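Note sheet for the following structure.
These figures come from a predicted structure and were not determined experimentally. A note on names: the letters A, B, ... follow the listed sequences, proteins ahead of strands, and every chain is numbered from 1.
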Number of protein chains: 2
Amino acid sequence: MSTQKHIQEIRTFNRFYTDLIGLLDKHLLNSDYSLAEARILYEIFTAKELSASDIIYRLSIDKGYLSRILKKFEKEALIARKPSADDARVSLLSLTDAGLEVFNGLNEASEKQIMALISTMSVKQLDALIGHMKAITGLLGK
Amino acid sequence: MSTQKHIQEIRTFNRFYTDLIGLLDKHLLNSDYSLAEARILYEIFTAKELSASDIIYRLSIDKGYLSRILKKFEKEALIARKPSADDARVSLLSLTDAGLEVFNGLNEASEKQIMALISTMSVKQLDALIGHMKAITGLLGK
DNA sequence: AATATTAGTTGACAAAGTCAACCAAATTAT
DNA sequence: ATAATTTGGTTGACTTTGTCAACTAATATT
């Protein structure tokens with residue numbers, strides 16, 4: 001692959017996901033949740049039960065910030081905290097039914113944003129994007 | 001495609017790009033530029049010459065915020081403003097050599113972040129991701 | 001020529017995120 | 001066992017990021 005072409009692919013890819021971020025930010029703005037909040041809900045959903053520290057580790061988020069977001073989530077009844085049997089300092093977090101509903105709503109909205117973005121791209125651009133992902137995969141020997 | 005599988009793909013995809021956003025945010029944090037700033041540089045790079053209004057239109061960014069960022073860019077000599085011949089209210093923006101250098105640096109750093117993320121994914125996950133993009137493309141009749 | 005629109009700047013503010021100090025529980029060293 | 005250190009989490013004070021409305025100057029509309 002020529003360097004020139006490679007640079008072009010990087011730009012295509014960067015362009016794609018920065019646009020995606022823009023769209024995502026916008027749709028989250030219309031929702032009542034920030035990107036950080038959406039990511040936190042995702043972590044809790046995926047793990048079923050985890051501690052605040054786990055989230056800090058996975059998302060590299062500030063613990064003070066997280067603490068406040070979790071407080072808000074609890075107030076909105078999106079999450080439940082159960083004291084850990086192993087460690088009295090720790091609360092185990094899980095999504096409530098309301099939390100799951102919010103999480104699903106955010107995911108569905110994301111999907112729409114992705115489709116909206118992809119629909120603005122040409123077949124050529126899409127191919128370039130997929131090709132670039134594959135190229136990276138190849139570079140990594142997978 | 002079964003609904004269950006479809007939901008799973010959406011989640012894979014959402015997960016991928018929200019993680020990407022997290023990484024991107026972090027690397028931008030280590031740089032001296034915010035995501036908004038990176039996107040603005042991208043626009044100016046792509047268009048060669050455009051007005052602040054063009055950027056507002058393309059990125060749906062607040063004009064007050066943009067105004068301040070452009071002021072900062074000008075102070076750092078990343079951009080040049082040339083009065084438009086057509087409209088005396090408008091300045092046409094372009095990247096300086098310094099601005100181009102910053103833009104290239106940000107792009108390169110992004111690439112590293114993408115590779116870092118992809119390297120954590122399994123072949124199966126990557127296939128799912130690419131498959132999902134293709135599926136969306138197919139749904140859109142491309 | 002009067003009126004309305006548009007491009008861009010600025011001030012005041014709100015939201016997002018960071019940092020350091022702190023408390024309580026757990027772990028390690030002595 | 002207990003003193004010293006580390007870890008999980010909360011809070012207050014702060015910075016950065018982003019929004020909104022008011023304003024000026026130039027352009028477009030009637």
Side-chain angles (χ1 to χ4, degrees), chain A residues 18 21-41 43-44 47 49-76 79-94 106, chain B residues 18 21-41 43-44 47 49-76 79-94 106:
Chain A
T18 53
I21 294 165
L23 284 170
L24 185 64
D25 262 351
K26 208 158 309 303
H27 112 249
L28 284 169
L29 222 93
N30 293 338
S31 81
D32 298 329
Y33 302 93
S34 70
L35 175 58
E37 288 169 338
R39 298 185 75 205
I40 291 164
L41 286 176
E43 289 301 331
I44 302 173
E49 265 193 351
L50 80 175
S51 67
S53 297
D54 293 333
I55 297 175
I56 289 165
Y57 174 73
R58 293 190 204 176
L59 302 186
S60 307
I61 205 171
D62 179 81
K63 64 179 179 171
Y65 185 40
L66 176 63
S67 179
R68 273 173 256 251
I69 290 176
L70 291 178
K71 196 159 121 188
K72 190 190 126 198
F73 279 172
E74 202 179 11
K75 199 173 147 201
E76 293 172 352
I79 62 168
R81 301 197 211 215
K82 192 181 84 182
S84 164
D86 303 337
D87 189 333
R89 294 168 303 179
V90 175
S91 287
L92 295 174
L93 310 167
S94 58
L106 291 173
Chain B
T18 53
I21 294 164
L23 285 170
L24 184 66
D25 262 349
K26 208 158 308 305
H27 112 249
L28 285 169
L29 223 92
N30 294 338
S31 81
D32 300 328
Y33 301 93
S34 71
L35 175 58
E37 288 169 339
R39 298 186 76 207
I40 291 164
L41 286 177
E43 289 300 332
I44 301 174
E49 265 194 351
L50 80 176
S51 67
S53 297
D54 292 334
I55 298 176
I56 290 165
Y57 174 73
R58 293 191 205 175
L59 302 185
S60 307
I61 206 171
D62 179 80
K63 65 179 178 169
Y65 186 41
L66 176 63
S67 177
R68 272 173 257 252
I69 290 176
L70 292 178
K71 196 159 121 187
K72 190 189 126 197
F73 279 173
E74 202 179 11
K75 198 173 148 199
E76 293 171 354
I79 62 166
R81 301 197 211 215
K82 191 181 86 181
S84 164
D86 301 337
D87 189 333
R89 294 167 302 177
V90 174
S91 287
L92 295 174
L93 310 168
S94 58
L106 291 173

Scan nucleotides 24-28 of chain C against the protein and return all N/O pairs shorter than 3.5 Å with their distances rounded to 0.1 Å.
residue, atom, partner, partner atom, Å
C:dA25, N3, A:R89, NH1, 3.4
C:dA26, OP1, A:A88, N, 2.8

Let me know the distance between [atom1] of [X] and [atom2] of [N], rounded to the nearest Å.
| X | N | atom1 | atom2 | result |
| --- | --- | --- | --- | --- |
| B:D62 | D:dT16 | CG | C1' | 15 Å |
| B:I56 | C:dT5 | CD1 | C1' | 15 Å |
| A:I69 | D:dT10 | CD1 | C1' | 14 Å |
| A:D54 | D:dG8 | CG | P | 9 Å |
| A:D32 | C:dA16 | CG | C1' | 16 Å |
| A:L70 | D:dT10 | CG | P | 7 Å |
| B:K72 | C:dT9 | NZ | C1' | 18 Å |
| B:L50 | C:dG8 | CG | C1' | 14 Å |

[X] side chain: which of [options] is closest?
| X | options | value |
| --- | --- | --- |
| B:Y65 | C:dG17, D:dT11, D:dG18 | D:dG18 |
| B:K63 | D:dG9, C:dG17, D:dA22 | D:dA22 |
| A:V90 | C:dT9, D:dG8, C:dG17 | D:dG8 |

Next on the checklist: Suppose we screen for side chain to side chain contact (heavy atoms under 4.5 Å, CB included). Which residues come up paired with B:Y57, at least two apart in sequence or across chains?
Outcome noted: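 With neighbours one apart ignored, the set is empty.
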What is the distance from atom [atom1] of [X] to atom [atom2] of [Y], rounded to the nearest 0.5 Å?
| X | Y | atom1 | atom2 | answer |
| --- | --- | --- | --- | --- |
| B:F73 | B:L66 | CZ | CG | 9.0 Å |
| A:I55 | A:I44 | CD1 | CD1 | 4.5 Å |
| A:L106 | A:E37 | CG | CD | 9.5 Å |

Item to check | Steps toward side chain to side chain contact (heavy atoms under 4.5 Å, CB included) verdict (B:L70, B:I40) | outcome: CA-CA 9 Å; B:L70 292 178; B:I40 291 164; 4.2 Å; yes
Under 4.0 Å: is that the gap between some side-chain N or O of [X] and OP1 or OP2 of [N]?
| X | N | result |
| --- | --- | --- |
| B:R39 | D:dG18 | no |
| B:S53 | C:dG8 | yes |
| B:K71 | C:dT10 | yes |

Checklist entry - For A:L66 and B:A52, take the nucleotide of DNA chain C holding the closest heavy atom to each; which residue's nucleotide lies nearer the 5' end? => result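 Between the two, 5'-proximity favours B:A52.
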Checklist entry - Is A:L50 close to A:R58 at the side-chain level, that is, under 4.5 Å between some pair of heavy atoms? => result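 In short, these two side chains touch, coming nearer than 4.5 Å.
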Item to check | Sequence neighbours excluded - salt bridge (charged side-chain N to carboxylate O under 4.0 Å, His left out) pairs with any residue from residues 79-88 of chain A | outcome: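 The answer is A:E49-A:K82, A:E74-A:R81, A:D87-A:R89.
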Checklist entry - Could one point to a donor on the side chain of B:R68 or the base of C:dG8 with an acceptor on the other under 3.5 Å away? => result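 A donor-acceptor contact between them is absent.
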